[in-house]
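Quick note: numbers below take in every heavy atom, side chains included, and nothing from hydrogens, waters or symmetry partners. Along the sequence shown, residues carry numbers from 1. We count ligands from 1, going down the list as the structure has it; atoms in each ligand are counted the same way.
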Amino acid sequence: MSIARRLASLAFLALGSLITLGGQPAWATGTAAGTAPVGTQAKTAERADTSTALFPAGWPFPADRTPAAGSRGMVVSADTLASAAGLAVLREGGNAIDAAVAVHFALAVVYPQAGNLGGGGFMVVRTADGREATLDFRERAPLAAGRDMYVDEDGKAGSASRTGHLAAGVPGSVAGMAKAHRRFGRLAWDRLLEPARRLAAEGFPVSERLHDALTAQLERFSHFPATAAIFLPDGRPPSRGAVLRQPDLARSLEAISDSGPHAFYRGWIADSVVAEMERGGGLISKRDLEEYRAIWRGPIVIQYAGRRLISMGPPSGGGVVLGEMLGMLERFDLRGLEYRSADEIHLMTEAMRRAYADRNRHLGDPDFVSVPIDRLLSPAYLDSLGKTIDPERATPSEPDVAVAPESAQTTHYSVLDSAGNAVAVTTTINGSFGSAAVVRGAGFLLNNEMDDFTTRPGEPNMYGLVQGESNSIAPGKRMLSAMTPTIVVAPDGRTELVTGTPGGPTITTSVLQVVVAQLDHGLGAQQAVNAPRVHHQHLPDLLRYERGGLEPSVIEELERRGHRIEERAGFSGDVQSIYVSPDGVRYGAADPRGGGAALGY
Ligand code: DON
């Protein structure tokens, strides 16, 4: 190492753990290892334009916020305490997979809206020596589930796929973490669960975000006494700063720490899940839990802008949809267009529309339906699809349907270690606090992932997605997801970007816009995360944008081209990204839309 480089890295170490806090609760800033400005080095990763040049004047998130920076490792997650758990593992010599496991379990405690033991997700790994792996730990339908289980006598799908025990798929998270750790982990399993166990046993201060999220659940939780007993002590959400302890969850984490996934899928936790199902009329059986397996699957590999993108394949539609969108857009050369101009938003919208139509028609669990991945991502098909895009006119999606309300939570975390191993994980219990049903005695919430299936063909689900037979319910089948954990590899072979987000169907379109902002328009990691986003999902035929995210003149021009356009409620997603510059500096960018934190060293 040259003296200059060594001095530079010493300077980074001297700054300690550097942090960006997005919409951070006040209590958390004190727990972070440091809030020092990252200095001029970080700025080199950001595009130099001022905020007004880059984002519309009314946009609330700045373009001149610098990301966290580190010369060795970086953890970006939706919660400071979870990021800190991951950072401690990295500092102790754990690798990115070890840190990811610690983050996952910590999120299950401090971010119960989405972090979980009772849910599932997807992990994309790229090791320092270039090995790539994608892990499916998605939930499965119970063996007693059936195609029309949610359809009532009037032929309507009721609310049972969203709230209560019947909404739960067989959880995959514990199996997934154990499988990833077995293959790639370095530190002992129990070390990685220790931060989560302590946070559950000793408690943590409730953030404003959690307080607000619990307040929104008051009515829903009132039907689930075991849930209310944990999250609504004295019948109310704990106030901001109050310490929330979860002793049952601590016991579950201790059992998993001592006995591995066995404790969850065969031991007393499994018995508790089955007892809970019997109490609440759910379907998950002992056999469902025993038979659950996380699965290593082939990655979706996408070539774009001279890069290699590694993303998640079915049963997530994320990689295929991202590949289709980028494949169509590559044929239009976005680099030559003004960033977020009407021309660019129009082309992106048309690519989104077409890719989501394919998603809803063709994608599902590859163990149950044949998914034409190769055809959908073939250059010939993308050529023909790209040719149907009229640069001047919106193509109507037919038939149209009513807009379903959008809600809910999922979470993404990105980790990079000093050797260069990278992990991107998106995990969920689907809606905010999942099914709202807690497993009594085990202290964790069950997912409501069954709603991601086509509960009734032609009828929109919770996210307004109108899906087809390929994603219909069958015993043991995995429900189609939009989760898109993605790693971008630069032409020089380094891992360049690790990213992903929650947001239901907006997940994949958000990842698209982060990728395009960085690779085509040269935005830095924090700028690409802070930037406004749009979304189209074929049906409903509606282009949605975030408040203040489009210039009025752009809206006008898009309407002139035939787009039905609407401002959405709230914001799109909660992206957590890591960017690695050519000289190896790791930049961590937490989304200011959420309360996440990037911690590096
Ligand atoms: O797997 C999926 O696509 C959904 N269950 C994700 C839900 C979600 O992102 C909600 N978050 N905001």
> Answer yes or no for M479: is there a heavy-atom contact with ligand 1 below 4.0 Å?
no

> Looking only at N/O atoms, are I507 and ligand 1 under 3.5 Å apart anywhere?
no

> Indicate the ring-plane relationship of F231 and F221, choosing parallel, tilted or perpendicular according to the 30° and 60° boundaries.
tilted

> Can you say whether the rings of H165 and F224 are parallel (under 30°), tilted (30 to 60°) or perpendicular (over 60°)?
tilted

> Is there a side-chain contact (heavy atoms from CB on, under 4.5 Å) between R361 and S470? Walk through the geometry before answering.
CA-CA 7 Å; R361 195 173 310 130; S470 56; over 6 Å; no

> Report, in ascending order of atom number, the atoms of ligand 1 lying under 4.0 Å from any heavy atom of A482.
1 (O), 2 (C), 3 (O)

> Which ligand 1 atoms does Y463 reach within 4.0 Å, using its non-hydrogen atoms?
7 (C), 8 (C), 10 (C)

> Side chain or backbone, does T428 bring an N or O within less than 3.5 Å of an N or O on ligand 1?
no

> Pairs of nitrogen or oxygen atoms closer than 3.5 Å, one from P502 and one from ligand 1: do any exist?
no

> Please answer whether the main-chain N or O of S472 pairs with a side-chain N or O of K477 as donor and acceptor at a distance below 3.5 Å.
yes

> Mark up the atoms of ligand 1 that fall under 4.0 Å of a heavy atom belonging to T410, in ascending order.
6 (C), 7 (C), 8 (C), 9 (O), 10 (C), 11 (N), 12 (N)

> What part of D452, side chain, backbone, both or neither, has a heavy atom within less than 4.0 angstrom of ligand 1?
side chain

> State whether the shortest distance between N or O atoms of E449 and N or O atoms of ligand 1 falls below 3.5 angstrom.
yes

> Counting only heavy atoms, which portion of R138 has something under 4.0 Å from ligand 1: side chain, backbone, both, or neither?
side chain

> Are W296 and F122 close enough that their ring centers fall under 6.0 Å?
no

> Are the aromatic ring centres of Y356 and H535 under 6.0 angstrom apart?
yes

> Do the ring planes of F571 and W59 sit parallel (below 30°), tilted (30 to 60°) or perpendicular (above 60°)?
perpendicular

